[in-house]
Undergrad: 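Below is a structure I'd like to ask you about.
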Amino acid sequence: KRKRRNMAKQVPEDQQIFKGLHFYFFPNDDKNPARKMRIAKAIEFGAQWEREMNKNITHVVVDKLMQYPTVLKYLKMNSLPNSVHVVSEIYLSECISYHALLNVGQPQFRVKGYVAPEHSDDPATAAPTFSINSVKPLELKLADEKIILRQLARQEISEEEISLESATSVALLLQDSDPVEDFYRQSPVNANRPADPQATTTEEFDSGSPIMDEGSETDSAVIPTNQPIIKRQDIQTKFRCMHKHIGDQPGNPNAAATTILQQMADYYSQTGDEWPAKAYRKATGTLSNHPTKVWTKDEALALPHIGKRLAQKIEEIAFTNHLRRLHKVIAEPADALLRTFMKVYGAGFAKASEWVNQGHKTLDEVVEKAKLSDNQRVGIKHYADFNARIPREEVAQHADIIRKSLHKIDPAFEVIVGGSYRRGSTQSGDIDWIVTCPNTGPAHLRAVVIDKLVPRLTESGFLVASFATTSRGSESKWHGASCLTGSTIWRRLDLFLVPSNELGAALIYFTGDTVFNRSLRLLANTKGLRLNQRGLYKDVIRGRRHIKSSKGILVEAKDERRIFEILRVPWRPPEHRIC
DNA sequence: GCCG
DNA sequence: CAGTACG
DNA sequence: CGGCCGCTACTG
């Protein structure tokens, strides 16, 4: 094995689609930034960059605007050997996008003025990997699938999961499938809404394609036969709740991008621009779940919730490991203060901005000079406490205290720890409870928990603050803080009182995570259903302002799994809902 | 920010 | 009502 | 362009 001269980083060997290939670029320097990036990419995917024309060269990669005669003229040659493939720069990015060597003969890779030799390639000099040139894109995609699966295997995903994923995706590939049609046909309550004929056309499918968005047929890198691949992105798969998510993995290949995009989200959040922030978080979620490293913007563009602008940023991060815009933006010190203030319980963007604008520089100063609500005062006093993480063991300790106290009042009552604890986190930001009891309505729940349990635990010194108590009507929750005896650290504690017939919907809500819940609710919407913490409803009439509106008809509330089934979302245990 |  | 909070 | 979760719930 020869040592590589260049120290540029490379992707894992099984992803090096250009391994064994020798590229000559035209122009053959890295003075142009775009070309520099292309060369870097090529090398990272295993290619050798030849500085001079020589007989090892397998490919001449020509800039888009250059014509073949120019190349020959520069090289002072009449023609290139038949064994050398002359391709447009588009070839590289497309190969990288598909994780495979594509057929060099495809028209979109052609260099102006170049006529490819008619299959007179000398097999002896052609790179061995070129046998793949003859396969159709569908098979290429399957090869790609294997790469992904190998990767999954390395990441120690259970074999069951692999075969599942493999089976599904292959099945989806092979059938000229009709997931969208299924989507409408199988929807239990959609009969009243005629299926949109457009939704079943290929146009609809193709809207997810990075290529079609770009317009012109001549310069776009459309591979006409790859449509079935793109179809794979049916509508429902775009919902995050449709996929297993176990959070950021240690070896996440897109760690750099997710970290940076998350910071961008934080930045927008601090600016008060919630929608861009949400968009960034969605994209971050997509990336953190993607099994392979995303290098190019085309590749990124194909992923859900990643558009042109984010794709560009992702490419920049992939090749430079940082984002210039972030550094530019994060350097502003005003944001640091705003961020500090916004982490006060009871203060949001508006209040935090107000404090900043009043010229307060520290939390102490805010306490002294600003007018505060009771909650905000406690929020500042226990700022450090409430922003600290809670070890899983401590969550369990708090659980015991509440459970014991509750059972003294009524042994039939049940306590379920929700939130990140139920999702299996080793530490939590707060402690979330569901209190329920068989055959018990909201009134009795409230009587027991709010009128008896909370006062008792407050008296015993376990509950130390109350931020929000359910007041009227059916809904019931209590937000406050607790503190273990012997400790001085206050913990945020939420109680959620749930009638037993709403337990399923409540479990979904209180287990989260946030992104998962919103995704699930959004999916429900597309099926004409509505999901909230109390149940799944159909025939909900969206009220126009103050006009009467129907709450809808309850479809399911009691059974968590049933709600998944009705929405046709594969069952996700809590630990797979970390989006 | 993305998506329809 | 706006603001803030919950997952 | 407008929607982006909840006819969420609670506070002041």
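Residue numbering restarts at 1 for every chain, and letters A, B, ... go by the order of the sequence lines. These figures come from a predicted structure and were not determined experimentally.
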Undergrad: What nucleotide among B/dG1, D/dT8, C/dT4 has an atom nearest to a side-chain atom of A/Ala350?
TA: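 For A/Ala350, the side-chain atoms sit closest to C/dT4.
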Undergrad: For C/dC6 and D/dG3, measure between their C1' atoms and round to the nearest Å.
TA: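 Between the two C1' atoms, the distance is 22 Å.
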Undergrad: Taking only side-chain N and O atoms of A/Lys238, does any of them lie within less than 4.0 angstrom of OP1 or OP2 on B/dG4?
TA: yes
Undergrad: Ignoring hydrogens and angles, state whether a donor on the side chain of A/Thr286 or A/His305 is under 3.5 Å from an acceptor on the partner side chain.
TA: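 A/His305 and A/Thr286 do not have a side-chain donor-acceptor pair below 3.5 Å.
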Undergrad: Look at the side-chain N and O atoms of A/Arg521 and state whether any lies under 4.0 Å from the OP1 or OP2 oxygen of D/dG6.
TA: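 Answer no for this pair, as no side-chain N or O of A/Arg521 is under 4.0 Å from OP1 or OP2.
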Undergrad: Over all strands shown, is A/Ile508 touching base, sugar-phosphate only, or nothing at heavy-atom distances under 4.0 angstrom?
TA: nothing
Undergrad: Is A/Glu575 paired with A/Arg423 through a side-chain N to carboxylate O contact shorter than 4.0 Å?
TA: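 Looking at A/Glu575 together with A/Arg423, the answer is no, because their closest N to O distance does not fall below 4.0 Å.
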Undergrad: I'd like the C1' distance from B/dG1 over to D/dT8, given in whole Å.
TA: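 Here D/dT8 and B/dG1 have their C1' atoms 25 Å from each other.
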Undergrad: Report the relative orientation of the aromatic rings in A/His398 and A/Phe462; use parallel for angles under 30°, tilted for 30 to 60°, perpendicular for over 60°.
TA: tilted
Undergrad: Within the 4.0 Å heavy-atom criterion, would you say A/Arg577 contacts the bases, only the backbone, or no part of the nucleic acid?
TA: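 Contact class for A/Arg577: none.
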Undergrad: Quick test of the criterion, 5.5 Å between centres and less than 30° between planes. Is A/Tyr509 stacked on C/dC6 or not?
TA: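 No; by the centre-distance and plane-angle rule, A/Tyr509 does not count as stacking on C/dC6.
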Undergrad: A/Arg281 side chain N/O closer than 4.0 Å to the phosphate oxygens (OP1, OP2) of B/dC2?
TA: no
Undergrad: Under 4.0 Å between a side-chain nitrogen and a carboxylate oxygen: does that hold for A/Glu556 and A/Arg530?
TA: no
Undergrad: Can a side chain N or O of A/Asn525 be found less than 4.0 Å away from OP1 or OP2 on D/dG6?
TA: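 Checking D/dG6 against A/Asn525, a side-chain N or O does come within under 4.0 Å of OP1 or OP2.
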Undergrad: Can you check whether A/Arg240 has a side-chain N or O nearer than 4.0 Å to OP1 or OP2 of D/dC4?
TA: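 It does not, given that no N or O in the side chain of A/Arg240 lies less than 4.0 Å from OP1 or OP2 of D/dC4.
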Undergrad: Calculate the interatomic distance between A/Met264 atom CE and B/dG1 atom P; express it in whole Å.
TA: 6 Å
Undergrad: How long is the line joining NZ of A/Lys351 and C1' of D/dG12, in whole Å?
TA: 10 Å
Undergrad: Looking at A/Ser420, does any N or O in its side chain come under 4.0 Å of the phosphate oxygens OP1/OP2 on C/dG7?
TA: no
Undergrad: In whole Å, what is the span from the CD atom of A/Gln236 to the C1' atom of B/dC3?
TA: 17 Å
Undergrad: Could you give the distance separating D/dC5 and C/dT4 at their C1' atoms, to the nearest angstrom?
TA: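 About 16 Å, rounded to a whole number of Å.
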Undergrad: What is the distance, to the nearest angstrom, from the CD atom on A/Glu274 to the P atom on C/dG3?
TA: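 In whole Å, C/dG3 P and A/Glu274 CD are 13 Å from each other.
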Undergrad: With a 4.0 Å cutoff (strictly under), does any side-chain N or O of A/Arg530 reach OP1 or OP2 of D/dC5?
TA: no
Undergrad: In whole Å, what is the span from the CZ atom of A/Phe467 to the P atom of D/dG12?
TA: 12 Å
